[in-house]
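Note that the structure is a prediction, hence the values are computed from the model and not measured. In what follows, chains carry the letters A, B, and so on, assigned in the order in which the sequence lines appear, proteins first and then strands, with residues in each chain numbered from 1.
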Amino acid sequence: MYVAGWQFSSRPMAATNPIFSAISVETLTMNHNLAWPWSDKSSPPQTPFLSFSSPSCETLLFDEGETIKIRCQAGLRSVGLGWTLHRNGIQKPFRRGTAESHAANRFFISLATAGLQPGFYDLRVELDTGAQSTSKAALEARPAQGVCTFGWQVDRLPLADTRPADFAAFWAAAKGKLAAVPLAAREGQMERFDDAAINAYNLGSACLPADYDPSGHRSASVLSGKVDFGGPDGGRIYGWLAKPAGEGPFPAMLVLPGAGFAARAWRRHGSLHGLL
Amino acid sequence: MGYYDPMNFAPDIHCPVLMNAGLVDPVSLPTGVWAVFNRLAAAKRRMVVLDGLAHDWSAEFDRQAWRWLDEVLPAGPAAPPAGTTSSGKPVFQVLSVAPLPEADVYPAGTVKLTFRSAHDGQADWALFTPGDRARRTVVYLHGSFSHADQIYTRQDMREFWLTRILAGRHPLLSINMRDTSYMSPPATRDLTDLLDHGAKAYGCRDYVLLGGSGGASSAMAYAVMHPERLAGVVAMGMCDIFARLEFARQSANAGLQELARVIVESYGGRPAEKPEIYRQRSVLAHADRLTMPVVLTMGEDDALIPVAETRKVAMALQHHPTFTYVEIPGGDHDSALWIDIDLDTLEVKDGRRETGLRIIGAAR
């Protein structure tokens, strides 16, 4: 599967681990990790060929009623639509059916809420386009499969209490240990970046579009550079500091990188909004 | 892993929170995102639902986030105190529903509900044991210096009341009431929200309050404030709040002196300072509001509650058509707890002649 940057297959994991084989991780890939040139392609499994909505609930978080109605608009010429219903992230379906066809390649799926436990559900659909080709390339170019995840009474999502009894003590001890580490902060060379420089960086390296919130700017330019400080076991923690040009004090934002091995975006544009 | 699961940090997060979630995100499944969101203790929290999006980024969400930061981070160096903002009152929300593993203590299906108060955004908890939702739901109010687990963990209470409640297949909601608060304003608001939540989440209806000592005072205080919400009250050992406080305050008993201090603290001041808080909870001031069936029990020789004051409550209610007063001759503080009462009809089931109970009240 796709894509811009990194991908991995779930097959080895699914083949060896019965838990992972039950969980639908086949789409576990992403194209937005803030480390690549900007593109307009959305992350899978979202596809422009199948879009979902509900006539009664914009957020798809349903809370009441005997029936959940989902509308699926196909962006391809189509003949019919089949569906299966799954617990969120679970491969095995517990209901299946055929959607009600409307003109304009639109389909309606009605799901009875009786028997649904509070939580999230994946409604997976497969569009019958009537096309003969089943080649992988054709299917990837025009995906006829899609998923719509919706919630049912999610404020009642049952949650097991897994917080250890000594949770607070555990973290108090850990923080106490860290507090003993000298900060020993070092600030590298600070450079000034204006709108144009930040836009070029966003587009070319950070998978972000050019300035998408000009009315929110609080500063004309940003001062930015590397910083590092003391960490546990003699190591050093490295990061980027960006601050609005001008006199503070400024509210501060700590930006934590997502998972992955690629370099992460240096969100200098946040300081245009007045944040350290 | 429990030490590192974000869900387990959520109950400690009290500052305003803005989150988003892509509903078809296969990396951060919405089930996991809501496991965190639902447990946040933040008085102000908002989820932006990205329906149809996967593990993706949204320009509009970023724009909303900048505006939100403008709102929660006021200009200048001082940030607002955690959990408070210039706008947005706290709302009641169940933060977690956790099964209780101690099968020898808690009946099957019992869960601990941790919730955030709509009164002040603080977290408190309650225990719920399911039953036949068609039966009346018993709301247990614990005694002073105890907690919501009292009816499960105090052996004599467990043997007498928990056994009867389970045998009657009554759903049971045992509330913590901010510990010992004598139905303080936050406890009052929390109980109202818990009753609503019980009806919505578990189909509970026809609530009967059951409490002993401090729980009895709390039950009657709530009953005069919200009679429309109750199908009945069983108050086992109580008197009017003004008399209760004065008796405790003047007592040489250190426990009662501490009780007086706690009541004043939870009400926000002494009666002279907060007259309305006390008066709202006074049974003698509002006896006419007790329109539901009420059973009041009392030990004649209770050393911790003045029986003369309890009799004033009984006299004020004596013409109430569904009021029953049971005074146990020679009974002590705990004697009021062991009167067998039908939780559906609120009729006293004990053989009255055998036990020598003194009963006041019409239609009994």
Side-chain angles (χ1 to χ4, degrees), chain A residues 24-34 42-46 51-54 58-61 87-89 119-120 122 146-151 153-164 166-168 170-171 174 207-209 212-213 215-216 248-249 251 253 259 270 273-275, chain B residues 1-3 5 7-12 22-35 37-39 47-57 59-60 62-63 65-67 69-70 72-79 93-101 111-112 114 197 200-201:
Chain A
S24 59
V25 289
E26 79 280 9
T27 57
L28 196 58
T29 180
M30 57 189 284
N31 69 344
H32 182 78
N33 71 350
L34 299 174
S42 58
S43 287
Q46 188 185 15
S51 62
F52 299 89
S53 60
S54 170
E58 187 179 355
T59 61
L60 299 182
L61 301 183
R87 296 301 295 258
N88 182 216
F120 288 90
D122 298 338
V147 59
C148 168
T149 299
F150 65 87
Q153 299 181 336
V154 297
D155 59 338
R156 302 180 205 171
L157 185 73
L159 296 174
D161 191 356
T162 62
R163 182 163 149 143
D166 64 342
F167 183 86
F170 176 89
W171 283 108
C207 201
L208 290 169
Y212 51 92
D213 187 25
S215 66
M253 173 186 282
H273 291 77
L275 295 163
Chain B
M1 289 298 289
Y3 294 108
D5 190 333
M7 180 178 85
N8 290 337
F9 291 96
D12 294 333
L23 290 190
V24 296
D25 189 336
V27 180
S28 305
L29 295 172
T31 300
V33 178
W34 260 265
F37 182 68
N38 282 359
R39 299 187 76 186
M47 174 69 83
V48 176
V49 179
L50 309 177
D51 60 291
L53 265 60
H55 202 66
D56 215 329
W57 173 88
E60 179 54 25
D62 260 20
R63 285 189 285 263
W66 300 128
R67 302 300 173 271
L69 285 168
D70 287 342
V72 300
L73 298 173
Q93 184 169 25
V94 174
L95 302 174
S96 67
V97 181
L100 295 163
V111 292
K112 179 178 180 178
T114 304
H197 179 73
K200 188 178 176 189

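In this structure, CG on L275(A) lies 6.0 Å from CH2 on W66(B), to the nearest 0.5 angstrom. Distance check, rounded to the nearest 0.5 Å: CG of D12(B) to CZ of R163(A) gives 4.0 Å. How far NE2 of H273(A) is from CZ of R63(B): 9.5 Å, rounded to the nearest 0.5 Å. The CG atom of N88(A) lies 3.5 Å from the OG1 atom of T31(B); values are rounded to the nearest 0.5 Å.
The aromatic rings of Y212(A) and W57(B) sit perpendicular, their planes meeting at an angle over 60°, well past the 30° parallel limit.
Both the backbone and the side chain of K200(B) come within less than 4.5 Å of a heavy atom in chain A. Residue S51(A): no heavy atom, backbone or side chain, is found under 4.5 Å from chain B. With a threshold of 4.5 angstrom between heavy atoms, Q153(A) does not approach chain B through any atom at all.
Formation of a donor-acceptor pair under 3.5 Å by the D51(B) side chain with backbone atoms of L60(A) is not found in this model. A donor-acceptor pair under 3.5 Å is absent between the side-chain atoms of D155(A) and the main chain of V94(B), judged by distance alone. D56(B) contributes a side-chain N or O that, together with a main-chain N or O of S43(A), makes up a donor-acceptor pair within less than 3.5 Å.
Paired with P30(B) under the rule side chain to side chain contact (heavy atoms under 4.5 Å, CB included), one option of T149(A), D122(A), L157(A) passes, and it is T149(A).
Residues that satisfy the ring-ring contact (aromatic ring centres under 6.0 Å, His included) test with F9(B), not counting sequence neighbours, are F167(A), W171(A). For S53(A), the side chain to side chain contact (heavy atoms under 4.5 Å, CB included) partners two or more places apart in sequence, or in a different chain, are R71(A).
For the options P99(B), S96(B), A201(B), heavy-atom pairs under 4.5 Å to chain A are most numerous at A201(B). With respect to chain B, the highest number of heavy-atom pairs below 4.5 Å among R87(A), M253(A), R156(A), E58(A) belongs to R156(A).
In this structure, V49(B) and L61(A) have side chains that are in contact, with non-hydrogen atoms separated by less than 4.5 Å. Here the side chains of P251(A) and L69(B) are not in contact, with every heavy-atom distance at 4.5 Å or above. Between D161(A) and P101(B) there is no side-chain heavy-atom pair separated by less than 4.5 Å. A 4.5 Å side-chain heavy-atom check between T162(A) and M7(B) finds at least one atom pair inside the cut-off.
The minimum heavy-atom distance linking P164(A) with N8(B) is given by the pair CD-ND2, 4.2 Å.
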